[in-house]
Number of protein chains: 2
Amino acid sequence: MSHAPTTKGRATRARIIEGAAEVLRERGVAFTTLDDIRARTATSKSQLFHYFPEGKDELLLAVAQFEADRVLEDQQPYLGCLDSWESWYQWRDAVVERYERQGDQCPLGSLFLQVGRSRPGARAIVAELMRQWQEQLARGMRALRARGLVSPTLDVDTTAAALLAGVQGGVSVMMSTGDSTHLKAALDTGIEYLRVTADRTGPR
Amino acid sequence: MSHAPTTKGRATRARIIEGAAEVLRERGVAFTTLDDIRARTATSKSQLFHYFPEGKDELLLAVAQFEADRVLEDQQPYLGCLDSWESWYQWRDAVVERYERQGDQCPLGSLFLQVGRSRPGARAIVAELMRQWQEQLARGMRALRARGLVSPTLDVDTTAAALLAGVQGGVSVMMSTGDSTHLKAALDTGIEYLRVTADRTGPR
DNA sequence: GCAAAAATGGACCAGCAAGTCCAGTCCGGG
DNA sequence: CCCGGACTGGACTTGCTGGTCCATTTTTGC
């Protein structure tokens with residue numbers, strides 16, 4: 001048959017994706033050409049199309065997946081064990097730190113815009129990332145609830161969705177303004193909301 | 001001197017901006033060419049460059065401003081008088097309705113990505129929009145506070161920033177997934193947070 | 001009514017970037 | 001050693017798109 005990826009081949013493919021991710025973060029999707037990626041990864045045109053036969057879109061999609069995988073990884077181990085107030089605040093700090101370091105680059109967002117809504121692949125990547133992220137937040141809230149730290153009537157799913165939205169929006173605003181105030185406000189207020197419910201004994 | 005815009009001239013310019021905004025919403029910035037805009041607005045190349053001498057970027061910036069102006073307008077009159085719980089819920093419904101109607105098109109977000117962080121103009125437009133939006137939310141919260149509907153110790157600015165972030169994030173998620181769950185959750189939880197503080201008499 | 005300026009039409013240009021092609025090299029198995 | 005297929009290099013093609021230019025028409029001020 002045709003394709004049986006060699007060790008070397010797999011390494012090259014990985015190198016392309018990682019290098020492309022770098023360039024894309026720096027210059028932005030709209031201003032990155034295949035030649036830029038070629039230069040950064042020390043590859044030739046034919047290699048690019050050898051590993052991504054469908055062309056640029058396929059490569060961008062692979063980079064999107066690569067970036068998506070990193071998003072949750074970068075929040076570990078905090079995101080994985082949100083079972084005390086302490087751990088929630090550590091997670092908060094990790095998120096703020098990560099995105100402040102990232103600055104005004106939003107690889108995933110711009111990737112999504114470029115690849116387009118048309119291709120279902122892009123949607124799927126983002127949707128799956130959101131699902132997992134929210135799930136982990138919800139699990140953390142359930143852990144708090146199990147320990148009696150928040151109201152037993154807390155609507156975990158809605159609250160997790162709202163917190164996730166806050167983080168997303170905070171990051172979005174930071175992309176536009178370069179200011180992390182909103183991200184911090186969303187995180188702090190979200191956690192504060194959880195704490196407030198601890199003081200209330202019953203529903204409503 | 002040179003430029004003294006005629007009535008006809010102003011009309012044409014406006015027609016270009018509005019038509020361009022339509023096309024951009026439909027096809028997305030990355031996939032829209034000047035010829036698309038030309039076709040939609042029934043204009044010629046020279047007209048485009050007559051009214052936007054700096055070229056495509058200048059036109060995109062004008063469209064961005066046009067879209068930004070509509071964002072807050074579309075939330076009126078509700079956003080302007082958030083002085084009762086009733087009015088907050090009406091605002092909530094207006095926001096949800098507006099963005100659900102808009103669907104998966106985010107003219108401003110994609111415009112920003114395309115024009116790029118380089119040009120300060122784009123940043124300024126978004127930053128100013130955010131500032132005004134947040135200011136109106138904060139004013140609404142102060143109105144509630146003045147009526148004793150929320151805690152007198154409510155940190156209005158932080159809470160307004162968090163709520164704005166939630167809305168932004170909700171919209172972002174909806175762009176990606178086509179689902180307005182997060183937007184609704186952010187709005188509901190944000191308002192709920194305000195209501196909760198009403199029950200608490202003092203700080204902390 | 002008449003210059004001057006604004007507005008318009010559309011052919012044309014230049015550059016760039018995605019994608020193609022083929023020749024040549026490397027590598028693993030037999 | 002050697003053969004087939006994976007891998008690599010880079011020149012070339014092609015289509016598109018932003019931008020230019022100038023001729024023509026319409027409008028405005030006087």
Side-chain angles (χ1 to χ4, degrees), chain A residues 1-20 23-24 26-64 110-111 113-116 118-119, chain B residues 1-20 23-24 26-64 110-111 113-116 118-119 121-122:
Chain A
M1 259 298 278
S2 52
H3 49 86
T6 297
T7 310
K8 191 179 176 185
R10 254 174 286 127
T12 303
R13 193 187 142 98
R15 193 178 78 236
I16 292 174
I17 292 179
E18 286 166 34
V23 183
L24 287 168
E26 288 171 19
R27 302 167 107 86
V29 185
F31 306 105
T32 300
T33 74
L34 288 186
D35 275 344
D36 293 331
I37 296 173
R38 235 175 39 66
R40 176 69 60 105
T41 60
T43 51
S44 67
K45 262 297 179 51
S46 68
Q47 280 171 299
L48 257 36
F49 283 87
H50 178 71
Y51 293 105
F52 305 94
E54 309 254 301
K56 195 180 190 183
D57 279 357
E58 190 184 352
L59 173 55
L60 289 182
L61 216 57
V63 173
S110 47
L111 240 18
L113 265 321
Q114 175 82 355
V115 175
S118 49
R119 232 156 293 280
Chain B
M1 262 294 279
S2 53
H3 49 86
T6 297
T7 309
K8 191 180 178 185
R10 256 175 286 127
T12 302
R13 192 188 142 98
R15 193 179 78 234
I16 292 174
I17 292 179
E18 286 167 34
V23 183
L24 287 168
E26 287 172 20
R27 302 166 109 87
V29 184
F31 307 104
T32 300
T33 73
L34 289 185
D35 273 345
D36 293 331
I37 296 173
R38 235 176 39 65
R40 176 69 60 104
T41 59
T43 51
S44 68
K45 262 301 181 47
S46 68
Q47 279 170 297
L48 256 36
F49 283 86
H50 178 70
Y51 293 105
F52 306 94
E54 309 254 300
K56 196 182 189 183
D57 279 358
E58 189 183 353
L59 172 54
L60 289 182
L61 216 56
V63 173
S110 48
L111 241 16
L113 265 322
Q114 174 82 355
V115 175
S118 48
R119 235 156 292 281

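The analysis underlying the following values was restricted to heavy atoms, covering all of them including side chains, and did not include hydrogens, waters or symmetry mates. Below, chain A is the first sequence line, B the second, and so on; all start at residue 1.
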- Item | CA sep, side-chain torsions, deciding dist, call: A:Leu60, A:Leu24, side chain to side chain contact (heavy atoms under 4.5 Å, CB included) | CA-CA 9 Å; A:Leu60 289 182; A:Leu24 287 168; 3.8 Å; yes
- Query: Considering only heavy atoms, which members of residues 12-19 of chain A lie under 4.0 Å from some atom of DNA chain C?
  - Reply: none
- Heavy-atom nearest nucleotide on DNA chain D taken for A:His50 and for A:Arg38; more 5' hit belongs to A:His50
- Message: Could you tell me how far apart B:Glu58 (CD) and D:dG19 (P) are, to the nearest whole angstrom?
- Response: 11 Å
- Query: How long is the gap from CG on B:Leu59 to CG on B:Leu34, to the nearest 0.5 Å?
  - Reply: 7.0 Å
- Query: Pairs in or reaching into residues 54-63 of chain A: which pass salt bridge (Lys or Arg N to Asp or Glu O under 4.0 Å), with residues at least two apart or in two chains?
  - Reply: A:Asp57-A:Arg119
- Listed by chain and number, what are the side-chain contact (heavy atoms from CB on, under 4.5 Å) partners of B:Thr33, not counting sequence neighbours? B:Asp35, B:Asp36
- B:Leu60 atom CG is separated from D:dT17 atom P, nearest whole Å, by 14 Å
- Separation of atom CG in B:Leu48 from atom C1' in C:dG10, rounded to whole Å: 13 Å
- Item | Nearest heavy-atom neighbours spanning B:Leu61 and B:Gly121 | CD1-C, 4.1 Å
- Item | B/S/- contact track for nucleotides 17-28 of chain C, protein heavy atom under 4.0 Å | SBBBB----SS-
- Item | Out of D:dC7, C:dG9, C:dA7, whichever nucleotide has its closest atom nearest the side chain of B:Tyr51 | C:dA7
- Note on the structure: What one should report as the nearest heavy-atom pair of A:Thr41 and A:Ala20 is CG2-N, 4.1 Å
What pairs of donor and acceptor atoms, side-chain ones from residues 45-52 of chain A against any protein atom, are under 3.5 angstrom apart with sequence neighbours left out?
residue, atom, partner, partner atom, Å
A:Ser46, OG, A:Ser44, OG, 3.1
A:Gln47, OE1, A:Ser44, N, 2.7
A:Gln47, OE1, A:Ser44, OG, 3.4

- Message: Measuring to OP1 and OP2 of D:dT8, would you say a side-chain N or O of A:Gln47 lies under 4.0 angstrom away?
- Response: yes
- Query: Which pairs pass salt bridge (Lys or Arg N to Asp or Glu O under 4.0 Å) with one or both residues in residues 7-20 of chain A, sequence neighbours excluded?
  - Reply: none
